[in-house]
Amino acid sequence: MPRLSRPIIVLIVLIAIALPLSLLAGRVWIDAAHTPNAAVILADLRLPRSLLALVIGAGLGAAGAAMQGYLRNPLADPGLFGIAPMAALGAVASFWFGFSASAWLLPLFALVGAAAGMALLALIAGRTGGIALFTLAGLMIASLAGTLTSLAISLAPNAFAMSEIVTWLMGALTDRSWREIWVAAPLTAAGFACLMMTGRGLDALILGDAAARSLGMRPGILQAWLIAGIGLTVGSGVAVAGIVGFVGLIVPHLVRPFTDRRPSQLIVPSALAGALLVLVADCTVRILPLVTELRLGIALSLIGAPFFLWLLLRMRRGLA
Amino acid sequence: MMLDATAVSVSRNGTAMLDAVTARLSAGRINAICGPNGAGKSTLLSCLAGLIIPNDGSVSLNRVPLAALSPQARARQVGYLPQDGEIAWDVAVRSLVALGRMPHGDASAEPVDRALAALDLETLANRPVSRLSGGEKARVLLARVLAGDPDWLLADEPLAALDLGHQLALLKILRSTADTGAGVVLVVHDLALAMNHADNVIVLDEGRLVASGPPETALSSSVVETVWHVSARWIGELGARALVTQ
């Protein structure tokens, strides 16, 4: 278990500061004394939205750290395993068939999609636990889900459904309520617990696959925990907020220099940093003076893509 | 303590990599596995480490089939050092060496400190591995295995990337490891190193066992000629021999 290291304490303090501020921030800044219905706005709108940002960010951050540790690649992202695209495909199916109006059916469809992605991944990768096969299987599933999502959009039954699908895919926390918290929080917590089980195996993989197995690491079991952990964290996140990209890629990089760089020590700080990043990003999109609110997924991609480029350039400099 | 391979055969995609190899290795000695490229040396070492399950035959540790042991129990007894020396993340030397304690499920500092001291790495304990030289990195990786206090140390060409000084220093450590009663099994390309430093040599060619026994017998000129197709003879005294091609 990771000890309560300095990065963890700092991140907890930052979240403790950011969370109350996030409740006040928005198109209308809340002044508890003067804003009409301040208590209702805080309790029913701002608080669930902020908590949901923390839950989703934590899940994505932890999943990203585990993915990078498993693939021993700093460019890995939870989306690589195809679970997020499968969850999105499930959600798109609910729009397509007209079930999205129901409060529970949209996340349910997305969770079924994520579960199908997890099952498919486990089925293709088999019991061998080979990393290359596992990654290729994930890429194939992601590609297939993306293609089917595009097909669903192009064959949408009407323009409204098409617009709904496209908007939803951009990812947002707008108008989310406690209901989404009850869906995402327990599943993310369960997923996080699964990811915590991968710590020792991921540490062993620092030495490569053969040395890790010689240390007693069981590749099949490690993969099973990973599939469950990433499926639950990422799947539940997509189910309630759509595609929120780049968090899993960026966050482990931001945190890694402050840890001893062992993957097991990165999962908790990455979860906290992911929670903080999504919370701050969501506050930012709320207070930007735009006609309509910028979608959270777009905002994070706007930050993430240049970061990714910077990362590649830095790696190129390192190789030169 | 004995590590036995009995009629071990391994094939991949229809190609025989090991063909009914039988070898009996004793603890307290340095055992060298030699052979030309593609002879099956690394495959045999992986079988002995329990990382490859043979298609036929078995590997047993003190008469207990390796396959019957849990991965953790096996890892506590058999330490394995792969050839590639991969280190994925830029961790500190101490953190890397402490990975050797993983099979024991403890973070005990004493064996880690002992391994660091044995390989003269105490001053480098907090240094990131990216800032180590090739020789230092090889010592750190060996320290990682030693930190696990294994009964058997299996290493795949641990001397290949090292200069002469570091080779001799590492051989000295391997000898002292064997002297403590542990079994040492090395894949070695350099026949002179095997001749001068091993107690027992296994020679493989095209997946088959060609010779085994004391180095003077297993690496005789006739075996060298048969296996490596090189006409050569040994010169010098026992323990300081050199192979001269003719």
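Order of the sequence lines sets the chain letters (A, B, ...), proteins ahead of strands, with each chain counted from 1. Below, each value reflects all heavy atoms present in this structure, side chains not excepted, and no hydrogens, waters or symmetry copies.
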Original post:
Would you find a donor on one side and an acceptor on the other, under 3.5 Å apart, between the side chain of A:Arg262 and the backbone of B:Ser95?
Top reply: no
Original post:
Between A:Leu207 and B:Arg144, is any pair of side-chain heavy atoms under 4.5 Å apart?
Top reply: yes
**OP:** Can you measure from CD1 (B:Ile87) to CD1 (A:Ile206) and round to the nearest 0.5 angstrom?
**Re:** 9.0 Å
Subject >> Contact leader toward chain A among B:Ala75, B:Ser70, B:Gly50, B:Gly79, where contacts are heavy-atom pairs under 4.5 Å >> reply: B:Ala75
Original post:
Checking A:Arg218 against chain B: side chain, backbone, both or neither under 4.5 Å from a heavy atom?
Top reply: side chain
**OP:** Any chance you could measure B:Trp89, atom CH2, to A:Leu202, atom CG, to the nearest 0.5 Å?
**Re:** 10.0 Å
Original post:
In Å and rounded to the nearest 0.5 Å, what is the CD1 to CZ distance from B:Ile52 to A:Arg213?
Top reply: 7.5 Å
Original post:
So what's closer than 4.5 Å to chain B heavy atoms on A:Pro263: side chain, backbone, both or neither?
Top reply: side chain
**OP:** Please assess B:Met102 against A:Met217 for the test side chain to side chain contact (heavy atoms under 4.5 Å, CB included), listing each intermediate value before the final yes or no.
**Re:** CA-CA 9 Å; B:Met102 202 170 273; A:Met217 185 272 287; 6.0 Å; no
**OP:** Enter the distance from B:Arg101:CZ to A:Leu215:CG here, rounded to the nearest 0.5 Å.
**Re:** 11.5 Å
Subject >> Contacting moiety of B:Leu154, where chain A heavy atoms sit under 4.5 Å >> reply: neither
Subject >> A:Trp225 atom CH2, over 12 foreign heavy atoms within 6.0 Å >> reply: no
**OP:** Answer with side chain, backbone, both or neither: which region of B:Leu81 has an atom nearer than 4.5 Å to a non-hydrogen atom of chain A?
**Re:** neither
Original post:
Who wins among A:Gly69, A:Gly216, A:Ala211 for the most heavy-atom pairs under 4.5 Å with chain B?
Top reply: A:Gly216
Original post:
Should B:Val78 and A:Ser214 count as side-chain neighbours, where that means a heavy-atom distance under 4.5 Å?
Top reply: no
Subject >> Shortest non-hydrogen contact from A:Arg72 toward B:Ala88 >> reply: CG-CB, 3.4 Å
Original post:
So what's closer than 4.5 Å to chain A heavy atoms on B:Pro82: side chain, backbone, both or neither?
Top reply: side chain
